[in-house]
Chemist: 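One structure is given below, represented as structure tokens, and several questions about it will come after.
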Amino acid sequence: MDYLKSLNNSQNEAVNNLEGPMMVIAGAGSGKTRVLTCRIANLIQNNVDPFHILALTFTNKAAKEMKKRIGEIIGDQEARNIWMGTFHSIFARILRKECEKIGYPKNFTIYDTQDSKSLIKTIVKEFHLDDKLYKPGIVYNRISSAKNNLISATAYTKNTDIIADDRMNNRPKLGEIYMEYQKRCFKSHAMDFDDLLFKTNVLLKDHADVLHRYQHKFKYILVDEYQDTNYSQYLIVKRLAALNENLCVVGDDAQSIYAFRGANIQNILNFKKDYPDFKLFKLEQNYRSTKIIVDAANSIISNNTEQIEKKVWTANSEGDKIKVFKAATDNEEGKIVANSIFDNQQREHAKNLDFAILYRTNAQSRSFEESLRKLNIAYKIYGGLSFYQRKEIKDLLSYYRLTANHNDEEALKRVINYPKRGIGKTSLDHAMVAASENGKSLWHILDNPGKYPLAINNGAKSKIKDFIAMIKSFAANLEKLNAYDIAHQIASSCGLLKELYNDKSPEGLSRYENIQELLNGIKEFSDNASDNEVRFLSDFLLDVALLTDADNDKPEDQDKVTLMTIHAAKGLEFPYVYIVGLEENLFPSQLSLNTRVELEEERRLFYVAITRAEKKAFISFASSRYKWGNVIQCEPSRFIEEIDEKYLELSEQKSKAAGQDLPFANSSRFLDKSKKTQTTVQKPIISNHLKKVSNQPGASVNMEKIAEGANVSHARFGKGKVIKLEGSPPNVKATVFFPNVGQKQLLLKFAKLDVID
DNA sequence: TGCCCGGGTGTTTTT
DNA sequence: CACCCGGGCA
């Protein structure tokens, strides 16, 4: 078998170990994916039916990629039958089949984070709790981590440790919110991301017959990125593998970067407790990067205390030193990086796609976008607001969701009055109250006006009736038409398409195009059905809830510089990698500085970043950057100092604006370490304070000068003329005519009006 | 009921 | 700076 010949010894051993529990510790760039794909191919060559293989990956993209590669070895037909995907997508599929056993209807909806947070917000409001204390994000994370540790709402409210913890944080009602949240999700026939795993656990725990079925089905289980699995995922795998114990987990403890969302590095460290006779394989030869990059990465990670012993090495050439750029400002950082990319393209005939700019937070992308655009270098940003989170897309998807599952409350609330059909907040509030009083879903209340009379006017009543009838008429076709046909029908008859079509602004146009793109996607989904299979809308909804932007690569995006967070870059590689924003409080993040454990995760993140590079790695930081409209001073990240100096090339970019800066070596390296913990937020606080003062109501000198007939200017409306003044100070209201925007009424104490002579 | 203004608030990372 | 939310007004 040819594909086995290209493997090195340790890879070969792992690939040929077909049975029993095994763990592969795979250093960065050591050919992990290759081992996984070859091992699966090898299983199939050894007469294992692809139907009996379950391969769990971290992203959909990884699954797709791996399937493709396996297909190249053993043929697409065989590869197609492997159960391969993310934990979420695989178990959503299984739940779709089996969920009636745990009381859920088959058409359940998957709530994304937005839906969940919106529901939490309503609950907090209904409970009359302080929404500053119970912010949706905080509550969501708390519930999420409970679920990832398989703590149910009931268990949560009974757990004395948790109760004490929540009390201490002044949030004693979290348990009640969690209870209500679960109740509401269930009433809406919805599961959130964490439920998909939680409920799978429930299913496998309480239904021995189901467990046995899947234990027999999945005779061979592989888990990629095992270091990033959480307890809930760990237990699913353990349960499924219990019968045959043909379990292969692959991971790298040095690349564990998702502890913040419940990933448990102990899963790797504890593997030998569950499977004492497991076989351990270590892949330590790096094929990806130059010696310098590998050695520099090793010197970084050696600062961590908790790690599995391994020596990553490479036979590749030495390569260039890692260039470190210092920039005066974040904008200058953008310019330096873009120039350097341009430079390397010229010098080494590299393409756009050979380059990646990696940052800690999505917000950092802007300066790089601007600079790349100025140099005419094509780029693509991953992350940020994903396609599926755009308002217009969520709106249309909500129509689909509501059609498939009438009880989906978040979807219902989103679209019942969009486009406008005269069903306002008041009517909906009445219905919501009735829903919670009667323990019914919102839809049920609206659908049975006879049973649950609402104190709303007749106009609204008949509008609601029309809306209900419309959704029902859509639903009648759910299993008659394929996904595309019904999707198209709904899009045109719900009024959304028309609404967007009539909006001729540039944003409106792009929204319309996005809808078209979504429909194209559904068309493709429908057309991809195999022979004698029809793909319905509900099938699409299952898929779409778990898709992310990275799964959406378009051909025209092929030759572009990649901009993404380091998290998103996990598993990818590029010839040239720029790691930017290496500053204290940014990377490592300010929020990670409290504990060693969190700081070590940041360090692993840096390790992941640098090991993405094949040929050259670059590091940059700025001495000052904008944060919330204020300039703050920054210090170079401690991570730069942790790299052995012999791997670095310090490069100071001359810039007219930054002439007076201290010599680089003095300002960043050999810094007095005691100073490092100081934060430098003095300036922004002062400037913020000053800004506030100058905006004090009534403090404006201009106020006295403003008289009827005066020419004034406004930041947004431009120049205008005061037509009328009324009221007495400080509540003087001015009617101003702006030639550009028309007549406006402004309260002088708020509006920033300047008198122009 | 809906729009518009201005104030308040916030940035980790994501399936 | 940029978004979201609430209040006030049409």
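So that the names make sense, note that chain A is the first sequence line, chain B the second, and so on, each numbered from 1.
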Chemist: Out of B:dG2, B:dT14, B:dT15, which nucleotide sits closest to the side chain of A:H567?
Modeler: B:dT14
Chemist: State whether A:K135 places a side-chain N or O below 4.0 Å from either non-bridging phosphate oxygen (OP1 or OP2) of B:dT9.
Modeler: no
Chemist: How long is the line joining CD1 of A:I566 and P of B:dT14, in whole Å?
Modeler: 11 Å
Chemist: Is any side-chain N or O of A:T113 closer than 4.0 Å to OP1 or OP2 of B:dT15?
Modeler: no
Chemist: Mind calculating the distance between NZ (A:K121) and C1' (C:dC4) to the nearest angstrom?
Modeler: 7 Å
Chemist: Answer yes when A:D252 and A:K32 have at least one side-chain N-carboxylate O distance shorter than 4.0 Å, and no when they do not.
Modeler: no
Chemist: Report the distance from atom CZ of A:R261 to atom C1' of B:dT14, rounded to the nearest whole Å.
Modeler: 5 Å
Chemist: I'd like to know if the side chain of A:R511 reaches the main chain of A:E392, judged simply by a donor and an acceptor atom lying under 3.5 Å from each other, with no hydrogens or angles considered.
Modeler: no
Chemist: Between A:F58 and A:R421, which has a closest nucleotide on DNA chain B that is more 5'?
Modeler: A:R421
Chemist: Relative to each other, are the rings of A:F108 and A:Y104 parallel, tilted or perpendicular (30° and 60° limits)?
Modeler: perpendicular
Chemist: Tell me the interatomic distance from A:D228, atom CG, to B:dT14, atom C1', rounded to whole angstroms.
Modeler: 11 Å
Chemist: If you find the nucleotide of DNA chain B closest to A:L605 and the one closest to A:G422, which residue's nucleotide is nearer the 5' end?
Modeler: A:G422
Chemist: Indicate, with a heavy-atom threshold strictly under 4.0 Å, whether A:S592 touches base, sugar-phosphate, or nothing.
Modeler: nothing
Chemist: Looking at every strand, decide which applies to A:T57 at a 4.0 Å heavy-atom threshold: base, sugar-phosphate, or nothing.
Modeler: nothing
Chemist: Can you check whether A:Y359 and A:H567 have ring centres sitting under 6.0 Å from each other?
Modeler: no
Chemist: Which one, B:dT14, C:dC1, B:dG2, comes nearest to the side chain of A:W628?
Modeler: C:dC1
Chemist: I'd like to know if A:E225 and A:K570 make a salt bridge, using a cut-off of under 4.0 Å between side-chain N and carboxylate O.
Modeler: yes
Chemist: For DNA chain B, what residues of residues 84-91 of chain A have any heavy atom nearer than 4.0 Å?
Modeler: A:T86, A:H88
Chemist: Donor-acceptor pair, distance only, cut-off 3.5 Å: does the side chain of A:N230 make one with the backbone of A:N264?
Modeler: no
Chemist: For the pair A:R612 (side chain) and A:V608 (backbone), establish whether a donor and an acceptor sit closer than 3.5 Å, ignoring hydrogens and angles.
Modeler: yes
Chemist: So, A:K61 and A:E65, do they make that salt bridge, N to O below 4.0 Å?
Modeler: no
Chemist: Report yes if a side-chain nitrogen or oxygen of A:K132 is closer than 4.0 Å to either non-bridging phosphate oxygen (OP1 or OP2) of B:dT9; otherwise report no.
Modeler: yes
Chemist: Between C:dA2, B:dC3, B:dT15, which one does the side chain of A:R366 approach most closely?
Modeler: C:dA2
Chemist: Can you tell me how far P of B:dT14 sits from CG of A:N230, to the nearest Å?
Modeler: 17 Å
Chemist: Nearest to the side chain of A:F193, which nucleotide is it out of C:dC1, B:dT15, B:dT13?
Modeler: B:dT15
Chemist: Rounded to the nearest angstrom, tell me the gap between atom NZ in A:K117 and atom C1' in B:dT15.
Modeler: 13 Å
Chemist: Is it true that A:R414 and A:E410 make a salt bridge, defined as a side-chain N closer than 4.0 Å to a carboxylate O?
Modeler: no
Chemist: Answer with base, sugar-phosphate or nothing: what part of the nucleic acid does A:N417 contact at a heavy-atom distance below 4.0 Å?
Modeler: sugar-phosphate
Chemist: A:Q364 has an atom CD; how far is it from atom P of B:dG10, in whole Å?
Modeler: 20 Å
Chemist: Could you work out which one of C:dA2, C:dG6, B:dT13 sits closest to the side chain of A:K125?
Modeler: C:dG6
Chemist: How many whole angstroms separate atom CD1 of A:I632 from atom C1' of B:dT11?
Modeler: 11 Å
Chemist: Any side-chain N or O of A:N362 below 4.0 angstrom from OP1/OP2 of B:dT13?
Modeler: yes
Chemist: Assign A:Y626 to base, sugar-phosphate, or nothing according to its heavy-atom contacts below 4.0 angstrom with the strands shown.
Modeler: nothing
Chemist: Quantified in whole Å, what is the C1' atom distance between nucleotide B:dT13 and nucleotide C:dC4?
Modeler: 22 Å
